[in-house]
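Working notes, beginning with the structure itself.
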There are 2 protein chains.
Amino acid sequence: MPGTAPQSGTAASPAPSARPACGGQVSHAIARVARAHRTTAGHLLRRLGLYAGQELLMMRLWEAGPQRQSELIKLLELDPSTVTRMVQRLEQAGLISRCAHPGDRRAVLVETTPAGEALREEVEQVWRDLEERTVAGLTEADRAELSRLLSLLERNLTAG
Amino acid sequence: MPGTAPQSGTAASPAPSARPACGGQVSHAIARVARAHRTTAGHLLRRLGLYAGQELLMMRLWEAGPQRQSELIKLLELDPSTVTRMVQRLEQAGLISRCAHPGDRRAVLVETTPAGEALREEVEQVWRDLEERTVAGLTEADRAELSRLLSLLERNLTAG
DNA sequence: TCCATTATGTTGGCTGGCCAAGTAATGAGC
DNA sequence: GCTCATTACTTGGCCAGCCAACATAATGGA
C-alpha cells in the first residue's frame with residue numbers, strides 16, 4: 001500500500017519510483033525506458049526539424065538509396081498509412097521527394113533531396129549521442145548482455 | 001569532419017556481421033522491443049475496450065483510489081494535456097467519473113465507476129500474460145539482470 | 001481474353017503523446 | 001485588502017501509429 005508515509009522527506013534513499021512487485025516488472029520498465037528514450041530523441045531531433053520516428057525513414061533512404069514506399073514499410077515495420085503520411089510531411093518539409101516508379105504505375109519511388117542529404121551527418125551524430133547517453137555507465141559486458149536480452153524479448157513479442 | 005571513420009571509441013569487437021551496427025545498437029533494440037510490446041498490449045487490451053496507455057491510469061486508480069488529476073500526472077509522468085484527454089475519453093466510456101474537489105475548486109477528483117472496477121481483474125490478467133510472454137525463456141537471473149540494466153537506462157535518460 | 005486475386009498506396013477516423021497558450025483558483029508577500 | 005507568482009486544468013495544434021475501407025494497377029489462372 002502506497003499509503004505508508006508518502007510524505008516525501010528523506011526516505012527516498014533508493015530509486016525514486018521504488019515500485020516493488022506489481023506484476024509487470026519488466027513490462028513497466030520497458031515502457032518507461034522507451035518513452036524516455038523517445039522523448040530524448042525527439043528533443044535532439046527537433047533542433048534539426050525532425051520528429052521522432054522520421055529519422056528512421058531518412059536513415060533507410062541514406063543507407064539504401066531511393067526506394068519504393070512498400071520497401072520502407074517492410075523495413076520499418078510500420079503501417080502503410082503511417083508511412084504515407086510520414087512521406088507526405090517529409091516531402092512538404094523538402095527533405096525527400098517522390099516520383100513515379102517506371103514500370104509499376106502503382107508504386108512510388110522515394111528519395112532524399114539535397115536538403116535531406118544535408119541532414120545526414122547531424123542525425124547520425126544525434127543517434128550516436130543518444131546511444132552513448134543511453135548506455136552510459138554500462139560496461140561492455142553489460143551492453144552485450146542487454147543486447148542479448150532485448151533480442152530475446154523482441155523474439156518473444158514478435159512471435160505471436 | 002566526422003569523415004568516414006567508424007567512430008565510437010569503444011571497440012565494436014562483437015561482430016557486426018549480419019546487422020551492421022548503424023550507431024544505435026541498444027537504441028534500436030529498445031525502440032523495436034517497446035513498439036512490439038505496446039502493440040501486443042494494445043491488442044490484448046482492445047478486447048476489454050481499452051487502448052494502450054489507458055490501463056496504466058486505471059491501475060493507478062485501482063491501487064490508490066480516487067485522486068486528483070495532478071496526482072495522476074505526477075505518477076504517470078505524463079503531460080497534463082494528455083491526462084486531461086485520457087480522462088475525458090475514459091469518462092465518456094463510462095469507466096471513470098470526475099467530480100469537483102471539495103476545498104480546491106481548481107482540482108478535479110477522478111475515481112473509477114463500477115464499470116471501471118469491473119475491468120480490474122481482466123486488465124491485471126492481461127498484464128500478467130504480457131509480462132510472462134515478454135520474459136518467456138529468460139532465467140530468473142536474466143530477468144533480474146534485465147531489470148537492473150533497464151533501471152540504469154532509465155536513470156540515464158531521465159537525468160537530463 | 002476475361003476475371004478474380006494480389007500488391008500498392010491513399011484517406012478518414014481514432015488513440016497516445018507532446019508543446020504552447022490560455023483560464024481560473026490558490027496562496028504567499030506586502 | 002491587494003497584487004502577483006504558482007498551481008491545476010483546458011484547448012488548439014501538431015506528430016506517430018494503428019485499423020478499416022477504398023481505388024488503382026499488376027498478375028495469375030481458366
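Both backbone and side-chain heavy atoms feed into the values below; hydrogens, waters and symmetry mates do not.
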Determine, for A/Arg47 against A/Glu122, whether the closest basic-nitrogen to carboxylate-oxygen distance falls under 4.0 angstrom. no
Write down the distance between CD (B/Glu55) and C1' (C/dG16), rounded to a whole number of angstrom. 11 Å
Rounded to the Å, how far apart are A/His43 NE2 and C/dC19 C1'? 9 Å
Applying a 4.0 Å non-hydrogen cut-off, can you work out what A/Gln88 is touching in the nucleic acid: base, sugar-phosphate, or nothing? sugar-phosphate
Round to a whole Å and report the spacing from CG of A/Leu75 to P of C/dT8. 13 Å
Taking only the side-chain nitrogens and oxygens of B/Ser81, find out if one of them lies under 4.0 Å from OP1 or OP2 of C/dC18. no
Given the structure, check if the side chain of A/Arg106 and the base of D/dT24 hold any donor-acceptor pair shorter than 3.5 Å. no
Quick check on C/dG9: is either OP1 or OP2 less than 4.0 Å from any side-chain nitrogen or oxygen of A/Thr84? no
Is the backbone of A/Val110 close enough, under 3.5 Å, to the side chain of A/Gln69 for a donor and an acceptor to pair up by distance? no
Closest of C/dG17, D/dC18, D/dC15 to the A/Tyr51 side chain is D/dC15
What integer distance in Å separates A/Leu45:CG from C/dC18:P? 16 Å
Rounding to a whole Å, what distance do you find between B/Asp104:CG and D/dC9:P? 8 Å
Could you tell me whether the phosphate oxygens of C/dT15, OP1 or OP2, come under 4.0 Å of any side-chain nitrogen or oxygen in B/Gln54? no
From the candidates D/dA8, D/dA26, D/dT10, the one with an atom nearest any side-chain atom of B/Pro80 is D/dT10
According to a strict under-4.0 Å criterion, is B/Arg105 in side-chain N/O contact with OP1 or OP2 of C/dT26? yes
Quick check: on DNA chain D, is the nucleotide nearest B/Arg68 upstream (toward 5') of the one nearest A/Met86, or the reverse? Name the residue that is more 5'. B/Arg68
Roughly, in whole Å, what's the span from CD in A/Gln67 to P in C/dG9? 11 Å
Check the phosphate of D/dC18 against B/Arg35, side-chain N and O only, distance under 4.0 Å to OP1 or OP2. Yes or no? yes
Between P on D/dA8 and CG on B/Leu72, what's the gap in Å once rounded to a whole number? 12 Å
Find the distance B/Asp79:CG to D/dC15:P and express it as a whole number of Å. 17 Å
Quick one: label A/Arg85 by what it contacts on the DNA or RNA (base, sugar-phosphate, nothing), any heavy atom closer than 4.0 Å. base
Heavy-atom pair of closest approach, residues B/Thr113 and B/Gly94: OG1-O, 2.6 Å
OP1, OP2 of D/dT10 versus side-chain N and O of B/Gln69: anything below 4.0 Å? yes
Side-chain N or O of B/Arg38 less than 4.0 angstrom from OP1 or OP2 on D/dA16? no
Using a strict 4.0 Å threshold on nitrogen-to-oxygen distance, state whether A/Arg68 and A/Glu71 make a salt bridge. no
What's B/Ile73 touching, base or sugar-phosphate or nothing? Going by heavy atoms closer than 4.0 Å. nothing
Please check the phosphate of D/dC14 (OP1 and OP2 only) for any side-chain N or O of A/Arg89 closer than 4.0 Å. no
Assign A/Ser70 to base, sugar-phosphate, or nothing according to its heavy-atom contacts below 4.0 angstrom with the strands shown. sugar-phosphate
Give a yes or no on whether a salt bridge exists between A/Arg98 and A/Glu111, defined as a side-chain N under 4.0 angstrom from a carboxylate O. no
Are any of the side-chain nitrogens in B/Glu132 or B/Arg128 under 4.0 Å away from the carboxylate oxygens of its partner? no
If each of A/Thr39 and A/Arg98 is mapped to the nucleotide of DNA chain C with the nearest heavy atom, which maps nearer the 5' terminus, i.e. the 5' end? A/Arg98
Over all strands shown, is A/His101 touching base, sugar-phosphate only, or nothing at heavy-atom distances under 4.0 angstrom? nothing
